[in-house]
*Asks:* 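First the structure, which I've put down as structure tokens, then a few questions once you've had a look.
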Amino acid sequence: MNNTLALIKPDAMQKGFKDKIRKDIMENGFVIVEEKTLNLSIEQAEGFYAIHKDKPFFGELVEFMTSNETHIMKLEKENAVVEWRDLMGATNPAEAESGTIRAKYGTDISMNATHGSDSNENAEIEINFFFKDL
Ligand code: GDP
């Protein structure tokens, strides 16, 4: 079994998609091991997305990620990182395969409903970022 970090981002929370996305996650064989809802501080959003700090969209990304609550989940499944990214679909909802979460619930390349770790190594770092005190 492997773990990954999943976020339901502020756009999807604002639109009331949290329960639908959690249902999709569980119906696809993931176990939600730990979860909590937070309104990210600027420091948390900047820290979480530090890898993107030199990108032109960084300011917009931090503003978006602090605009409303985020639901944070540690997921477990065999091959969890790849399986969750497959279920989310492409970063840009307009390019995401139909039936994927970003195709169903995303708005645009910034407000794309969910986050998923991109490697086992980053999954461990990102899970520790939000759940290290548990
Ligand atoms: P992910 O791993 O699929 O989430 O994609 P990335 O790591 O490339 O980007 C991280 C997040 O930054 C994305 O999920 C989007 O919310 C945001 N993002 C990515 N590209 C753009 C962009 O070109 N413009 C804006 N405004 N946001 C972007």
Side-chain angles (χ1 to χ4, degrees):
M1 284 295 172
N2 308 103
N3 295 123
T4 192
L5 186 86
L7 302 182
I8 303 177
K9 295 184 179 181
D11 59 321
M13 293 294 280
Q14 174 124 39
K15 290 176 175 173
F17 293 144
K18 176 183 158 185
D19 290 343
K20 287 190 161 106
I21 293 172
R22 284 181 82 265
K23 189 161 176 269
D24 281 358
I25 287 170
M26 292 185 286
E27 283 178 357
N28 280 275
F30 294 89
V31 174
I32 301 173
V33 182
E34 293 178 46
E35 60 186 324
K36 62 183 175 186
T37 299
L38 282 185
N39 200 320
L40 298 191
S41 65
I42 290 173
E43 291 71 26
Q44 283 173 314
E46 286 179 347
F48 185 73
Y49 279 120
I51 194 165
H52 293 307
K53 70 178 187 313
D54 295 326
K55 302 266 173 64
F57 58 82
F58 185 65
E60 196 182 320
L61 178 59
V62 170
E63 192 179 328
F64 162 53
M65 290 301 297
T66 55
S67 66
N68 201 336
E69 292 182 324
T70 292
H71 192 64
I72 304 163
M73 293 166 287
K74 176 180 172 178
L75 304 185
E76 183 176 281
K77 187 181 181 178
E78 199 172 316
N79 209 14
V81 167
V82 172
E83 291 281 310
W84 171 232
R85 287 187 72 90
D86 283 352
L87 181 59
M88 285 198 300
T91 304
N92 186 348
E95 292 166 9
E97 209 170 306
S98 87
T100 60
I101 286 177
R102 281 165 162 173
K104 287 195 283 187
Y105 305 120
T107 303
D108 58 32
I109 193 163
S110 173
M111 296 188 279
N112 57 4
T114 52
H115 165 85
S117 311
D118 64 4
S119 66
N120 286 331
E121 189 190 359
N122 283 335
E124 194 179 341
I125 293 168
E126 292 180 355
I127 288 164
N128 284 333
F129 187 89
F130 284 118
F131 293 110
K132 57 181 173 257
D133 293 330
L134 294 179

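Just so you know, ligand 1 is whichever comes first in the structure, and atom 1 is the first atom listed for that ligand.
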*Asks:* Counting only heavy atoms and a distance below 4.0 Å, can you name the residues contacting ligand 1?
*Replies:* Lys9, Tyr49, His52, Phe57, Glu60, Leu61, Arg85, Thr91, Arg102, Ile109, Ser110, Asn112
*Asks:* Distance check, rounded to the nearest 0.5 Å: Arg102 atom CZ versus Lys9 atom NZ?
*Replies:* 5.5 Å
*Asks:* Does Glu60 use its side chain to pair, donor to acceptor, with the backbone of Phe57 at less than 3.5 Å?
*Replies:* no
*Asks:* Looking at Leu75, is its backbone amide N or carbonyl O close enough to the side chain of Asn3 to form a donor-acceptor pair, meaning the two atoms are under 3.5 Å apart?
*Replies:* yes
*Asks:* If we ignore hydrogens and angles and just use 3.5 Å, is the side chain of Lys36 paired with the main-chain N or O of Phe131 as donor and acceptor?
*Replies:* no
*Asks:* Mark yes or no for whether Ser117, through its side chain, and Leu5, through its backbone, hold a donor-acceptor pair below 3.5 Å.
*Replies:* yes
*Asks:* Which residues satisfy the side chain to side chain contact (heavy atoms under 4.5 Å, CB included) test with Ala12, sequence neighbours excluded?
*Replies:* Ile8, Phe17, Ile21, Ala113
